[in-house]
Amino acid sequence: MSKVGVIMGSTSDMPVMEKAIEILKGFDIEVDVDIVSAHRTPEKLFDYAKNAHTKGIKVIIAGAGGAAHLPGMVASLSPLPVIGVPVKSRNSIDGWDSVLSILQMPGGVPVATVALDGAQNAGILAAQILGASDKCILDKILVYKEGLKQKVIEGAKQINKS
């Protein structure tokens with residue numbers, strides 16, 4: 001079974017990161033959730049990043065606010081794809097510090113970056129990565145995308161009725 005690791009720098013990031021967890025569970029993808037602070041628990045970060053692939057995790061979603069070093073540090077240590085979620089935290093500079101910290105990675109250390117507080121898209125992207133080699137997940141993504149299409153069609157019908 002495919003598993004995605006969802007980590008964040010602190011419990012205050014959970015309201016944002018829950019959106020990734022919900023979407024992954026909706027695709028019946030196992031989720032391993034943890035708090036891993038790049039600045040307060042660096043030893044835990046090193047252990048998590050270096051060993052996640054040995055625990056069945058296939059993709060890591062890392063959410064962080066402020067300086068947002070978590071996704072990049074995990075990507076520097078792990079052989080797995082990392083998706084960074086910049087979180088607009090209370091000590092943030094309108095979230096720009098988080099966005100730029102995650103987005104501006106040096107060559108050789110990629111982090112796929114979604115929008116500020118974009119954990120839902122991080123979950124979808126993780127599912128799509130897994131779906132590239134898992135037909136069951138791919139089929140669920142196709143159904144999900146069709147559902148998005150139908151919502152737009154229904155919305156257009158509602159507007160045209162007015």
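The residues of the chain are indexed from 1 along the displayed sequence.
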Engineer: Rounded to the nearest 0.5 Å, how far does NZ of K88 lie from CG of D97?
Structural biologist: 10.5 Å
Engineer: How close do G66 and S89 get, counting heavy atoms only, and between which atoms?
Structural biologist: N-OG, 3.4 Å
Engineer: I137, L148: one ILVMFWY side-chain cluster at the under-4.5 Å cut-off?
Structural biologist: yes
Engineer: Same cluster or not: are I29 and I141 linked, directly or through other Ile, Leu, Val, Met, Phe, Trp or Tyr residues, by side-chain heavy atoms under 4.5 angstrom apart?
Structural biologist: yes
Engineer: Please examine the side chains of H39 and H69, heavy atoms only from C-beta on, and report whether any two atoms are closer than 4.5 Å.
Structural biologist: yes
Engineer: Looking only at heavy atoms, which two atoms of P86 and A115 are closest? And how far apart?
Structural biologist: CD-O, 3.7 Å
Engineer: With a 3.5 Å distance limit and no angle check, can you tell me whether T113 reaches the backbone of V111 through a side-chain donor-acceptor pair?
Structural biologist: yes
Engineer: Would you call K19 and D117 a salt bridge, using N to O less than 4.0 angstrom?
Structural biologist: no
Engineer: Where is the tightest heavy-atom contact between A75 and P110, given as atom of each residue plus distance?
Structural biologist: CB-O, 3.6 Å
Engineer: Give, for atom OG of S12 and atom CZ of R90, the distance between the pair rounded to the nearest 0.5 Å.
Structural biologist: 7.0 Å
Engineer: May I ask you to decide if K50's main-chain N or O and S78's side chain share a donor-acceptor pair within less than 3.5 Å?
Structural biologist: no
Engineer: K25 and V31: side chain to side chain contact (heavy atoms under 4.5 Å, CB included), yes or no, with the steps?
Structural biologist: CA-CA 7 Å; K25 287 183 176 179; V31 184; 4.2 Å; yes
Engineer: I need the minimum non-hydrogen distance between G72 and M105, along with the two atoms involved.
Structural biologist: CA-CE, 3.5 Å
Engineer: Quick check: is V36 connected to V109 through a chain of hydrophobic side chains (ILVMFWY, heavy atoms under 4.5 Å apart)?
Structural biologist: yes
Engineer: Could you check if a side-chain atom of I21 sits within less than 4.5 angstrom of a side-chain atom of M14, using non-hydrogen atoms only?
Structural biologist: yes
Engineer: I'd like to know if E154 and K157 make a salt bridge, using a cut-off of under 4.0 Å between side-chain N and carboxylate O.
Structural biologist: yes
Engineer: Measuring from M17:CE to I35:CD1, what's the distance to the nearest 0.5 Å?
Structural biologist: 9.5 Å
Engineer: With side chain to side chain contact (heavy atoms under 4.5 Å, CB included) as the criterion, how do I7 and L70 come out once you've worked through the C-alpha distance, each side chain's angles and the decisive distance to 0.1 Å?
Structural biologist: CA-CA 9 Å; I7 58 175; L70 181 62; 4.1 Å; yes
Engineer: Between S2 and L130 (side chain of the first, backbone of the second, donor and acceptor by atom type, cut-off under 3.5 Å), is there such a pair?
Structural biologist: no
Engineer: Mind checking whether Y48 and T41 have side chains closer than 4.5 Å, heavy atoms only?
Structural biologist: no
Engineer: Provide the closest heavy-atom pair for V82 versus A62 in the form atom of the first, atom of the second, distance.
Structural biologist: CG1-CB, 4.5 Å
Engineer: Would you say D47 and E43 make side-chain contact, with heavy atoms under 4.5 Å?
Structural biologist: no
Engineer: Looking at CE of M8 and OG of S37, how far apart are the two atoms once the value is rounded to the nearest 0.5 Å?
Structural biologist: 12.5 Å
Engineer: Just so I know, are the side chains of I129 and I83 near enough to count as touching, which here means a heavy-atom distance under 4.5 Å?
Structural biologist: yes
Engineer: Transitively linked via ILVMFWY side-chain contacts under 4.5 Å: V87 with I23?
Structural biologist: yes
Engineer: Between V16 and I124, is there shared hydrophobic-cluster membership here, with clusters defined by ILVMFWY side-chain heavy atoms closer than 4.5 Å?
Structural biologist: yes
Engineer: Is a side-chain donor or acceptor of T54 paired with a backbone partner of N51 at a separation under 3.5 angstrom?
Structural biologist: yes
Engineer: Looking at side-chain heavy atoms only, is the closest gap between V85 and L116 below 4.5 Å?
Structural biologist: no
Engineer: Give, for atom CD of Q150 and atom NZ of K145, the distance between the pair rounded to the nearest 0.5 Å.
Structural biologist: 14.5 Å
Engineer: Heavy atoms, side chains only, cut-off 4.5 Å: are V59 and L80 in contact?
Structural biologist: no
Engineer: Applying side chain to side chain contact (heavy atoms under 4.5 Å, CB included), run through R40 and S10 and close with a yes or a no.
Structural biologist: CA-CA 10 Å; R40 294 178 293 263; S10 71; 3.6 Å; yes
Engineer: Between D139 and C136 (side chain of the first, backbone of the second, donor and acceptor by atom type, cut-off under 3.5 Å), is there such a pair?
Structural biologist: no
Engineer: Tell me whether K149 at atom NZ has more than 12 heavy atoms from other residues, nucleotides or ligands lying less than 6.0 Å away.
Structural biologist: no
Engineer: Would you name the heavy atoms of I61 and A126 that are closest together and state the gap between them?
Structural biologist: CD1-CB, 3.9 Å
Engineer: Using a strict threshold of under 4.0 Å (side-chain N to carboxylate O), is an ion pair present between D28 and K140?
Structural biologist: yes
Engineer: Heavy-atom distance under 4.5 Å between the side chains of L77 and L45, does that happen here?
Structural biologist: yes
Engineer: Do I102 and L100 pass the side chain to side chain contact (heavy atoms under 4.5 Å, CB included) test, and can you show the C-alpha distance, the side-chain angles, and the key distance before you say yes or no?
Structural biologist: CA-CA 5 Å; I102 298 171; L100 295 174; over 6 Å; no
